[in-house]
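Per chain, numbering begins at 1; letters A, B, ... match sequence-line order.
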2 protein chains.
Amino acid sequence: MRSYGEYCAIAKSLDVVGDRWTLLVVRELALRGACRYTDLRNGLPGIASNLLAERLRDLEAAGVVEREEAPPPVAATLFRLTARGEELRPVLDGLMRWGLPLMTEQGEGEAVRSHWLVGALAQMLVDEQPGGPAVALELQVAAEPIAIELRGGSVEIGVGPLEGPDAILSGPPRPVMGLLLGLIELPEAEADGVGFTGDPAILDRVGARAVSVGRGARDGE
Amino acid sequence: MRSYGEYCAIAKSLDVVGDRWTLLVVRELALRGACRYTDLRNGLPGIASNLLAERLRDLEAAGVVEREEAPPPVAATLFRLTARGEELRPVLDGLMRWGLPLMTEQGEGEAVRSHWLVGALAQMLVDEQPGGPAVALELQVAAEPIAIELRGGSVEIGVGPLEGPDAILSGPPRPVMGLLLGLIELPEAEADGVGFTGDPAILDRVGARAVSVGRGARDGE
DNA sequence: CAGCATCCGCTTTGATACTG
DNA sequence: CAGTATCAAAGCGGATGCTG
């Protein structure tokens with residue numbers, strides 16, 4: 001990227017991570033840990049292959065990413081965040097929080113990956129009956145299932161299947177998120193293609209932290 | 001900007017503020033409050049006029065910025081952050097903290113504005129003798145002076161002149177910052193063009209919080 | 001197959017000039 | 001002051017091909 005040429009900490013950060021796709025490459029490595037080139041491509045649908053290679057090169061030169069050549073028989077190149085790269089987490093967190101209100105918007109034909117959602121869900125969800133029994137809820141909104149476990153007032157969220165979940169929520173991401181956020185009710189969600197099996201009371205158990213929506217809408221244009 | 005087309009809170013934030021210059025426009029409004037178009041241009045040296053106009057239009061449509069037509073005799077258009085725009089401060093803070101270690105780098109021919117530095121200085125500086133008498137130090141590194149006041153263990157920093165400062169530190173921004181950070185000593189700074197008037201003990205009074213430098217260096221390229 | 005490099009059409013940006 | 005107009009240059013997206 002062309003430098004902004006400003007003696008300003010924010011501008012200097014953006015000189016490094018302000019390019020298109022760059023922060024999303026960091027997101028992938030932050031959310032999934034060490035990745036192969038191919039894994040990164042899968043987590044960044046739409047990126048041109050040469051751009052990914054260039055971003056990785058630039059991030060390596062900036063000390064944000066390092067590569068590790070795994071020896072045979074694996075014979076793969078692994079990319080991971082350096083300590084300096086890990087320090088970008090507060091920036092990613094800030095962007096994630098700010099973007100939460102936008103998750104209720106349309107998104108015709110948007111790509112979805114389960115690991116993109118775990119952070120957002122962790123921000124949003126609270127156990128509204130902390131004293132209740134442990135409950136396990138599985139979300140099926142992308143290729144990988146998402147596990148949500150409520151236990152003793154704490155909410156744990158991760159990518160991967162649950163053994164014998166108490167309920168399964170499946171369907172298009174937006175109505176599923178809307179349901180979990182309490183913006184719509186189950187019948188309305190089902191009309192939008194959401195499937196639910198299990199005790200509906202579980203849905204009352206998971207509540208949404210107030211997401212201060214300043215309004216994400218665009219009026220002009 | 002072309003949307004990333006991802007159902008991900010981070011990607012959706014970047015759909016709004018990920019364009020080149022966009023976050024720097026927000027920075028200007030966050031640091032300086034309501035601004036006129038001309039003030040913004042001055043705070044964003046190098047931006048093309050049409051780009052600034054386009055970014056402001058996009059940010060307004062996204063609900064981040066609002067414009068206010070001041071009535072005559074002022075007869076100026078003022079741009080300010082909306083509540084939703086103010087919520088980007090954590091993102092700006094994160095980028096500023098991450099960029100602090102980069103402030104020690106070269107920067108041949110970089111532009112400087114005093115208001116860019118107050119946040120960074122506020123992050124860095126601590127009063128190392130909290131019980132000492134109140135001390136006022138003025139920095140002259142850009143058009144506007146920067147006021148640093150140590151009083152009762154607290155450090156206050158702002159743009160503007162001081163009345164009868166106890167010391168004045170002037171010269172190129174990088175050695176001045178290096179001196180305040182404790183990376184170099186006064187004689188070395190003076191060799192780099194820094195001027196200092198007042199009691200040198202004052203420089204021992206202002207200490208630097210540990211800026212965890214992961215290393216900002218580039219090795220390749 | 002993993003990890004790129006090359007080529008090409010299109011979009012965005014940069015620099016400057018001009019206008020109500 | 002607050003923009004719009006213009007146009008060259010750089011960056012990006014998509015396809016394809018190469019190499020270990």
Side-chain angles (χ1 to χ4, degrees), chain A residues 1-6 11 14-25 28-29 32 34-61 65-80 109-111 220, chain B residues 1-6 11 14-25 28-29 32 34-61 65-80 109 111 220-221:
Chain A
M1 151 177 283
R2 215 187 129 105
S3 167
Y4 286 109
E6 296 184 355
L14 292 176
D15 281 346
V16 178
V17 297
D19 258 327
R20 185 162 167 80
W21 291 109
T22 302
L23 269 177
L24 294 186
V25 173
E28 284 301 303
L29 295 171
R32 306 214 299 182
C35 287
R36 293 174 306 169
Y37 188 87
T38 312
D39 300 330
L40 288 171
R41 281 195 77 166
N42 179 265
L44 299 164
I47 195 173
S49 180
N50 54 350
L51 269 193
L52 176 54
E54 186 181 327
R55 295 292 181 264
L56 286 169
R57 240 183 290 118
D58 293 346
L59 285 171
E60 200 182 354
V65 161
E66 61 192 358
R67 76 179 64 200
E68 174 200 343
E69 301 290 342
V74 231
T77 313
L78 285 183
F79 299 88
R80 71 175 72 246
E110 280 182 336
Chain B
M1 152 177 283
R2 211 186 132 101
S3 168
Y4 286 109
E6 297 183 356
L14 292 175
D15 280 346
V16 178
V17 298
D19 259 328
R20 186 162 165 79
W21 291 109
T22 302
L23 269 176
L24 294 186
V25 173
E28 284 301 303
L29 295 170
R32 306 213 300 184
C35 287
R36 293 174 305 170
Y37 189 87
T38 312
D39 301 330
L40 288 171
R41 282 193 77 163
N42 179 265
L44 298 164
I47 195 174
S49 181
N50 55 351
L51 267 194
L52 177 54
E54 186 181 327
R55 295 292 180 264
L56 287 169
R57 242 183 286 120
D58 293 347
L59 284 172
E60 201 182 354
V65 161
E66 62 191 357
R67 77 179 66 200
E68 174 200 344
E69 301 289 342
V74 230
T77 310
L78 285 183
F79 298 88
R80 71 176 73 246
E221 190 195 31

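If you check C/dA5, D/dG14, C/dT13 against the side chain of B/E54, the one that comes closest is C/dT13. Here the side chain of B/R36 is nearest to one of C/dG14, D/dG13, D/dC1, namely D/dC1. When the nucleotides D/dA2, D/dG13, C/dC4 are ranked by their closest atom to the side chain of B/T38, D/dA2 comes out on top. Picking from D/dA2, D/dG13, D/dT4 the nucleotide with the shortest atom distance to the side chain of B/T77 gives D/dA2. Of the listed nucleotides (C/dA15, C/dG3, D/dG3), D/dG3 has the atom at the smallest distance from the side chain of B/R41. The side chain of B/N50 lies closest to C/dA15, out of C/dA15, C/dT6, C/dG3.
Looking at B/D19, its side chain has no donor and acceptor atom pair within 3.5 Å of the base of C/dT12.
The line from CD of B/E66 to CG of B/L56 is 12.5 Å long, rounded to the nearest 0.5 Å. The line from OH of B/Y4 to CG of B/L14 is 5.5 Å long, rounded to the nearest 0.5 Å.
Look at A/W21 and you won't find any side-chain N or O under 4.0 angstrom from OP1 or OP2 of D/dG11. The side chain of A/R67 contributes an N or O atom lying less than 4.0 Å from OP1 or OP2 of C/dC4. Considering only side-chain N and O atoms, B/R20 lies under 4.0 angstrom from the phosphate OP1 or OP2 of C/dG14.
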Given the rule in the side-chain contact (heavy atoms from CB on, under 4.5 Å) test, do B/E28 and B/L44 qualify, once you have shown the distances and angles that lead to the verdict? CA-CA 8 Å; B/E28 284 301 303; B/L44 298 164; 3.8 Å; yes
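Among the protein residues, B/A48 comes within range of the nucleic acid bases, having at least one heavy atom under 4.0 Å from a base atom. Base engagement by A/S49 is indicated by at least one non-hydrogen atom pair under 4.0 Å involving a base atom.
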